[in-house]
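Presented below is the structure to which this report refers.
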Amino acid sequence: MENKEKTNFIRNIIDEHNRTGRFDGKVHTRFPPEPNGYLHIGHAKSICLNFGIAEDYDGLCNLRFDDTNPAKEEEEFVHSIQKDIKWLGYDWEDRLYFASDYFPQMYEFAKELIRSGKAYVDSQSPAEIRENRGTVKESGKPSPYRNRSAEENLNLLERMKNGEFEEGEHVLRAKIDMSSPNMLMRDPLMYRIKKKAHHRTENEWNIYPMYDFAHCLEDSLEGITHSLCSIEFENNRPLYDWFLENLNIHHPQQIEFARLNLNYTVMSKRLLSRLIAENIVSGWDDPRLPTISGLRRRGYTPESIRNFCEKIGLAKRESIVDMALLEHTIREDLNKRANRVMGVLRPLKVIIDNFPEEEVDDLEAINNPEDETAGKRTIPFTKEIYIERTDFMENPPKKFFRLAPGREVRLRYAYFMKCEKVIKDKITGEIKELHCTIDPPSRGGRSPDGRKVKATLHWVSARFAIDTEIRLYENLFEVPNPAAEEDITDSINPNSLKILKNCKLELCTKNLPVQTKVQFERLGYFCKDDDSTAEHPVFNRTVTLRDVWKKIQKRNKK
RNA sequence: UGGGCCGUCGUCAAGUGGUUAAGACACAAGGUUUUGGUCCUUGCAUUCGGGGGUUCGAAUCCUCCCGGCCCAACCA
């Protein structure tokens with residue numbers, strides 16, 4: 001790592017706190033997911049921020065599940081979330097917490113606020129509460145129950161807790177200011193009755209704390225110093241501060257930052273859940289999704305995601321990061337680490353007329369030109385080989401350097417090869433195979449006479465090829481900001497997944513373990529999928545290589 | 001006159017009264033190359049949403065205006 005100073009407004013605030021001694025130089029953050037979905041790259045931003053800051057300031061970062069709503073939360077998600085954070089490379093050590101573990105203490109705090117006349121049980125209906133809250137431009141009206149005695153409030157709350165009332169009959173509210181211009185300060189709800197079994201406390205509670213009451217207490221109880229959250233909680237900060245001030249307990253500093261948006265995808269759990277529920281994608285780990293599990297399956301590495309989170313920076317203004325930056329970080333990582341291999345996606349058979357039928361010529365290939373320690377391997381050359389259909393054109397346009405009738409190219413690590421004849425289907429006109437000749441002295445791909453060739457093609461021996469399924473991915477959406485569309489399902493990219501069944505891979509890929517990442521030379525980075533079996537390997541295309549020829553083609557089309 | 005927040009290159013983003021206004025991605029042009037990959041070189045905001053003002057000096061301070069986002073779930 002270079003010695004580039006990380007700088008952003010949150011680090012500036014922490015530096016200032018350290019200068020003034022606000023938290024005695026301590027830094028203690030937390031990542032507080034609600035277990036109601038899988039983590040996505042937006043969460044990764046927050047994880048890298050919270051764990052990263054703790055690391056850099058010699059502090060600590062807790063993992064805390066904010067499980068205050070049993071109607072939405074599930075055990076499955078608490079497992080997937082832990083798996084993903086660990087995979088990203090972060091460690092909360094023994095600091096795994098659950099908001100639900102604090103329910104008894106929260107309940108005591110609530111009673112304390114009642115006793116000091118700062119909370120009351122409201123018995124209006126949900127509709128009345130909404131009505132009397134007013135609007136952003138008109139102030140609200142106080143509840144008729146606002147001045148119940150502490151005794152009555154305590155009694156009612158206890159009975160709410162014990163399940164004596166039905167959902168919606170009563171709530172506990174903070175007594176703040178019904179005419180505050182900040183809607184959140186108009187006697188916000190602290191507890192609501194929910195007769196739902198909680199994934200951890202089961203049926204112990206009939207009331208559950210609301211976010212605003214619960215979250216500040218969770219932070220306070222854990223001794224958090226800097227409570228980092230996204231920008232839409234800015235309006236909640238006065239309330240966060242109000243509870244802690246009125247309870248007179250440890251008071252962390254809440255700081256808000258802009259959440260991550262990426263173009264051509266969606267980041268909200270609501271939208272992601274919908275794509276899964278409607279089977280538009282195969283699940284939370286569909287490789288087209290920006291979920292951590294999807295990216296992992298697609299072939300992204302933890303390092304690339306962490307680098308990405310580093311590169312996007314941190315600020316308060318809302319922004320949309322270009323997908324090209326994510327792709328850049330995975331190419332950058334895999335370029336150094338992935339072994340090169342040859343694979344043909346859309347095979348075109350080539351017969352080498354001047355090569356003996358049965359002969360196998362073992363050629364030497366470099367595994368990774370960026371990493372000498374990756375070593376070398378041999379690849380078999382035979383009379384019949386496959387090349388990429390897109391590497392041959394009968395009537396090549398100007399800037400096409402590859403194979404064409406009468407033209408000579410190099411086969412990577414093999415020979416210079418000249419196209420002599422094109423065999424077509426008499427009826428359809430489709431090109432069936434090519435007849436070519438090689439130049440024996442060019443063995444290894446060298447050019448003893450100094451003759452130049454404009455292209456080098458990848459190829460695979462027909463006799464030794466491994467038949468493989470390859471899944472090609474593009475952006476899930478056709479529009480840069482799908483969340484802004486009326487209905488996201490209208491802008492799904494019909495080409496977001498393309499399955500190629502008849503691909504031919506180099507022999508050495510035969511027994512690679514699942515999740516292995518390789519570069520198919522000239523094509524891109526690929527990752528062996530979980531769906532693979534011994535007889536039927538499957539690879540996902542993580543990302544293509546940068547491709548000048550594709551750019552030229554695009555330009556010419558316009 | 002509800003309140004809160006935000007506006008620096010195509011996209012992110014440093015910058016906190018004196019800098020030639022960082023850096024990355026993208027883009028463009030060259031060089032190297034047995035991957036049209038990688039790598040290397042070069043270019044890419046006389047200007048910081050706009051107008052006024054303070055100052056010897058403003059992206060940074062003041063002021064007005066314009067634009068965007070958030071808040072009226074018993075969600076988080």
Side-chain angles (χ1 to χ4, degrees), chain A residues 4-5 7-9 12 32-34 36 66 68-69 71-73 122 125-126 129-131 133-140 167-173 179-186 189-194 207-208 210-212 214-215 229-238 256 258 260 263 269-270 310-329 331-332 335-336 340 342 365-366 369-370 399-402 410-414 416 442 444-447 453-458 519-524 544-552:
Chain A
K4 278 180 216 154
E5 287 254 347
T7 170
N8 61 52
F9 78 100
N12 293 346
E34 184 190 12
N36 67 345
D66 205 0
T68 58
N69 186 355
K72 290 187 174 181
E73 295 149 9
D122 193 358
S125 70
I129 290 177
R130 198 179 318 122
E131 182 78 12
R133 187 146 38 214
T135 69
V136 289
K137 296 199 174 179
E138 303 159 51
S139 77
E167 293 187 12
E169 280 189 59
H170 307 283
V171 290
L172 185 71
R173 290 233 248 174
S179 59
S180 168
N182 181 349
M183 298 292 293
L184 288 160
M185 298 299 271
R186 320 242 264 226
L189 272 58
M190 293 164 62
Y191 274 103
R192 77 289 214 189
I193 296 168
K194 250 185 212 296
I207 56 172
Y208 291 93
M210 300 287 291
Y211 169 84
D212 286 301
H215 204 90
C229 63
S230 50
I231 210 87
E232 65 269 29
F233 289 100
E234 212 148 22
N235 294 326
N236 302 57
R237 182 158 26 101
E256 309 85 14
L260 169 67
N263 58 14
K269 274 190 229 172
R270 198 191 94 245
E310 194 76 27
K311 283 174 200 257
I312 55 175
L314 186 75
K316 294 193 75 164
R317 72 184 85 113
E318 60 172 290
S319 58
I320 302 175
V321 173
D322 198 331
M323 189 62 94
L325 185 58
L326 217 210
E327 294 180 344
H328 165 77
T329 60
R331 285 194 191 106
E332 185 182 43
N335 175 48
K336 298 213 177 71
R340 273 61 168 172
M342 293 200 281
I366 293 164
E370 304 294 317
K399 291 201 170 173
F400 185 83
F401 301 155
R402 281 104 102 143
R410 172 170 31 231
L411 294 173
R412 178 84 154 149
Y413 297 125
F416 278 21
S442 67
R446 282 170 276 268
S447 177
V453 98
K454 287 191 98 174
T456 298
L457 308 188
H458 60 277
Q519 182 195 103
F520 292 171
E521 292 217 29
R522 305 207 303 133
L523 297 176
T544 62
L545 257 29
R546 291 181 72 222
D547 189 345
V548 171
W549 171 236
K550 199 160 84 190
K551 266 185 208 170
I552 293 169

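What you see is a predicted model, and the numbers here were worked out from it, not measured in a lab. Throughout, protein chains are lettered first and strands after them, A, B, ... in sequence-line order, and every chain is numbered starting at 1.
Comparing the P positions of B:C64 and B:A28 gives a spacing of 45 Å, expressed to the nearest Å. Across B:C12 and B:A26, the matching P atoms stand 15 Å from one another, rounded to whole Å. B:G49 and B:C9 are spaced 8 Å apart, taking the P atom of each and rounding to whole Å. When the C1' atom is compared between B:C65 and B:C74, the two are found 42 Å apart, to the nearest whole Å. Rounded to whole Å, the separation between the C1' atoms of B:C62 and B:G17 comes to 13 Å. On the P atoms, B:U46 is 25 Å away from B:G30, given to the nearest whole Å. When the C1' atom is compared between B:G43 and B:U60, the two are found 29 Å apart, to the nearest whole Å.
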* How does each nucleotide of nucleotides 67-76 of chain B score, in 5' to 3' order, for protein heavy atoms under 4.0 Å: base (B), sugar-phosphate only (S), or none (-)? -> -SSBBBSBSB

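When distances are taken from the side chain of A:Ala324 to each of B:C25, B:U35, B:U8, the shortest belongs to B:C25. Listed nucleotides B:G15, B:U35, B:C27 differ in distance to A:Thr7; the shortest reach to its side chain belongs to B:G15. For A:Arg317, counting side-chain heavy atoms from C-beta on, the closest listed nucleotide (B:U35, B:G7, B:A24) is B:G7.
Within the 4.0 angstrom heavy-atom criterion, base atoms lie near A:Leu545. Among the atoms of the strands shown, none is found under 4.0 Å from any heavy atom of A:Glu138.
A:His458 NE2 to A:Arg412 CZ: the interatomic distance, rounded to the nearest 0.5 Å, is 11.5 Å.
Applying the 90° criterion around 0 to the glycosidic angle, B:A24 comes out anti.
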* To do: Step by step, work out the side-chain contact (heavy atoms from CB on, under 4.5 Å) result for A:Glu332 and A:Lys311.
  => CA-CA 13 Å; A:Glu332 185 182 43; A:Lys311 283 174 200 257; 3.6 Å; yes

Write down the protein N/O and nucleotide N/O pairs, taken from nucleotides 39-42 of chain B, whose separation is under 3.5 Å; answer none if there are no such pairs.
none

Protein-nucleotides 48-50 of chain B N/O pairs closer than 3.5 Å?
none

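Taking the six-membered ring for Trp and thresholds of 30 and 60 degrees, A:Tyr211 and A:Phe233 have ring planes inclined between 30 and 60 degrees apart.
In this structure B:A28 sits in a base pair with B:U42, meeting the Watson-Crick or G-U test at under 3.5 Å. Partner assigned to B:G67 is B:C6, using Watson-Crick or G-U wobble distances below 3.5 angstrom.
Put simply, the side chain of A:Asn263 and the base of B:U11 share no donor and acceptor less than 3.5 Å apart.
Between A:Ser139 and B:G2, a side-chain N or O to OP1/OP2 separation shorter than 4.0 Å is absent. Contact annotation: A:His328 reaches the phosphate of B:C25 (side-chain N/O to OP1 or OP2, under 4.0 Å). At B:G7, none of the side-chain N or O atoms of A:Lys316 fall inside 4.0 Å of OP1 or OP2 (strictly under the cut-off).
Remark: C1' of B:U33 and OH of A:Tyr413 are 12 Å apart, rounded to the nearest angstrom. Following rounding to the nearest Å, A:Arg522 (CZ) and B:U38 (P) show an atom-to-atom distance of 14 Å.
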